[in-house]
Amino acid sequence: MTSPVSYELVDDIGVISVANPPVNALSHAVRQGIHDALAAAQQDASKAVLVICEGRTFIAGADITEFGKPPREPHLPDLCNTIEASSKPVVAAIHGTALGGGLEVALSCHYRCAVPAAKVGLPEVKLGLLPGAGGTQRLPRLIGATPALDMMTSGNPVDAARAASLGLIDQLVDGDLRTAALAWCRELAAKDAPRRKTSELTADSVAEGVLEQYRSTIAKRARGQVAPQKIVDCVEASLTRPFAEGLQIEREKFIECMQSPQSAALRHMFFAEREAAKIQGLSKDSPQRDVNKVGIIGGGTMGSGIAMNFANAGMQVVLLEINDEALARGLAIIDRNYKGGVKRGKLSEDQALACRGRIAGATDYQSLSDADLVIEAVFENLDLKKEVFAKLDATCRQGAILATNTSYQDVDSIAAATKRPRDVIGLHFFSPAHIMKLLEVVRASATADDVLATCMALAKKIRKVPVVSGVCYGFIGNRMLGHYAREAQLCVIEGATPEQVDGAMEDWGMAMGPLAVFDLAGLDVGYKARQGLPEAERGDPRAYRVADALVEMNRLGQKTGAGFYRYDPETRQRSSDPEVQALIEREAAALGVERRELEASEIVDRLLFALVNEGMNILDEGIAQRPGDIDVVYVYGYGFPAWRGGPMHYADAVGLAQVHERIREFERRFGSENWTPAPLLERLASAGMTLADWAKSQVN
Ligand SMILES: NC(=O)c1ccc[n+]([C@@H]2O[C@H](COP(=O)([O-])OP(=O)(O)OC[C@H]3O[C@@H](n4cnc5c(N)ncnc54)[C@H](O)[C@@H]3O)[C@@H](O)[C@H]2O)c1
């Protein structure tokens, strides 16, 4: 096999060139190749050595296919030390992105140059890890503790200009990188530039208390996560210990992270997101339809945000409303959102203007006649949606994709309102639609393969994370959420305060507790959804007594300043409300419930295992393609902590036998109406299998 690394002498500069497409990942062969080339360079006439990459980027990180396999020599930390120990100056020439191990290689070179468009970063923390090849020791020595901590604990890359101002990049070069880098190498060689070893620099000391302050900031920003705190430990070592000792500490902490459940969860999410993009039974290169012009029907909360996604991706959008007044309202929401984006530095004023310029308003269906995709986002009412789809059928060109953003309605019935059910699909966005990453792509029974493939690809284009769901009430996310919501509210009726329920879930890691989420979404949303169902299908009536009463008191949540909580009109800060507590106690008494203290662990188990149990049913019915897809839905759509790996991974981590046992206990205590162990859970628990094993067995 030919090596992905080549070495040649260009005049008196030794050039190590990496060509391992697509991103020059640091595979074993690349590490070996650099190692060998460096050894050759020590022996030849070269006066300096250049490390440069072919293709679209410098080394952009580890080779993910080697994850979980036994490491092979040369190990990256050793390679980095070898580079630094070279008897000739080594220069890294960076383009694209130098990430993770790639940046650690660059940090162990004696000099670094980059093109202005390059980015550099150490994203290991996003996988629950820390830079483990000297990065935590070299970066603070090179740029100082605080900027190094910022880069490593956020995992976000910085651009070349910022990297240069930090001293991470020594030279920004214009024009052809190889030519410029070679010229710089010659210059360095001519002046006999010293081999500047990063490991021998001394990091500027930091004022007392800075690291402690940093730890407490991270404890809030990355609540519950261990890797960012371990990064602070390593940086502390870089300030106080010799390099070799610091490396030793980094290695120990790296191994602890590698073996932690948090890293396992984050690595699971990394792969789950990639898997979710694959549709069972459809090849990667299935044909797709062209989509350039998009129509959106309904410019309310969702339609306005959905329109922005497509405009931001460069597509023409028509937003259709019932009349001029409603249209003006919808366009005003869009204007406000763009203004907010500019204010927060998400996009420039010019970019905002250009995106806004792609959105036109309309009030007649004729303006949708040449649209390639139409997304309906009118009120959540099946008859209304059918009416809209019948009109679309009469107006839209043949081959146009007709999508609904419904949260709960039957996409098959909606499709049946047209004579082209093959072109109909569900595209379920999450609120706020221009920000939330998740897109549930609902495959109805007649949806054509090319419609599905087109929508999955489009999701990527508008920077969403798509997950395929089958048709059922609430699809994957909201169907499971119904069970979680039921338990949250039953806990309140049985004796917990809203603060206790939300506090337990937030302490566990949820971005926001369930009752605070209902207040944010609007309690009227669930109320209307329940009213739209026959009584027998509304679920446990005890669960919704308080929420229904709140809606009837016009306490709709944040938008009316009060719901389960009271909200400060300025800061939106929530506070508890004795009126709600009195209401809860009245409702509990009316139901004959004897209230009791609930432990946080009971609240957490009831809410999470309610999710898990329904997730098992969803898998058994084939509504979700695989357990990881459910995890992606929950992490990207419902504020589930990625470092817990989503509900299904969490169930595996707890152990399915234990989850099953706890659900049986709940069945005995609370009755089988709400707690019947899912058949799939029973099967896997008794077979001693994990969901991960099961998922693999399904593929084969
Ligand atoms: N709000 C959420 O969090 C959320 C999340 C995901 C999905 N959804 C779904 O998205 C859809 C829209 O929800 P929303 O929250 O944006 O509602 P909304 O009430 O904010 O907006 C609906 C808009 O549709 C317009 N409309 C009604 N009938 C119309 C018609 N015949 N033609 C054109 N426009 C019409 C209304 O004027 C209104 O502006 C619903 O199906 C809902 O279930 C909502």
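As the structure is a computational prediction, the values presented were derived from the model and not from experiment. Remember, it's 1-based here, ligands and their atoms both numbered in the order they're listed.
- Note on ligand 1: Gly330 sits outside its first shell, no heavy atom being nearer than 4.0 Å.
- Close approach to Phe429 involves these atoms of ligand 1, each under 4.0 Å from a residue heavy atom: 5 (C), 6 (C), 7 (C).
- For the pair Arg486 and Tyr544, the NZ or CZ position fails the cation-pi test of under 6.0 Å to the six-membered ring centre and within 45 degrees of the ring normal.
- Under a 4.0 Å N-O distance rule, the pair Arg574/Asp568 does not qualify as a salt bridge.
- Those atoms of ligand 1 with a heavy atom of Ile297 less than 4.0 angstrom away are 32 (N), 33 (C).
- For His428, every heavy-atom contact with ligand 1 shorter than 4.0 Å involves the side chain, none the backbone.
- Ionic pairing of Arg530 and Asp548 is present here: one or more N-O contacts between side-chain nitrogen and carboxylate oxygen are shorter than 4.0 angstrom.
- Considering backbone and side-chain atoms alike, Asn405 places an N or O below 3.5 Å from some N or O of ligand 1.
- With a 4.0 Å cut-off on non-hydrogen atoms, Lys385 touches ligand 1 through its side chain and not its backbone.
- Heavy-atom proximity to atom 39 (O) of ligand 1, evaluated over Glu321, Met302, Lys391, is greatest for Glu321.
- Contact atoms of ligand 1 toward Ser407: 6 (C), 7 (C), 8 (N), 9 (C), 42 (C), 43 (O), 44 (C) (distance under 4.0 Å to a heavy atom of the residue).
- Per-residue contacts place Thr301 under 4.0 angstrom from the following atoms of ligand 1 (heavy atoms of the residue considered): 15 (O), 16 (O), 20 (O).
- A cation-pi arrangement, defined by a distance under 6.0 Å to the six-membered ring centre and an angle within 45 degrees of its axis, is absent between Arg336 and Tyr338.
- Distances shorter than 4.0 angstrom do not occur between any heavy atom of Phe430 and any atom of ligand 1.
- The shortest side-chain heavy-atom distance between Leu439 and Val465 does not fall under the 4.5 Å cut-off.
- At a threshold of 4.0 Å, the pair Asp370-Lys293 counts as salt-bridged, since one of the basic side-chain nitrogens sits closer than that to a carboxylate oxygen.
- Residue Thr406 has at least one heavy-atom neighbour below 4.0 Å for each of these atoms of ligand 1: 41 (O).
- Relative orientation of the Trp508 and Phe640 rings is perpendicular, given thresholds of 30° and 60° on the angle between their planes.
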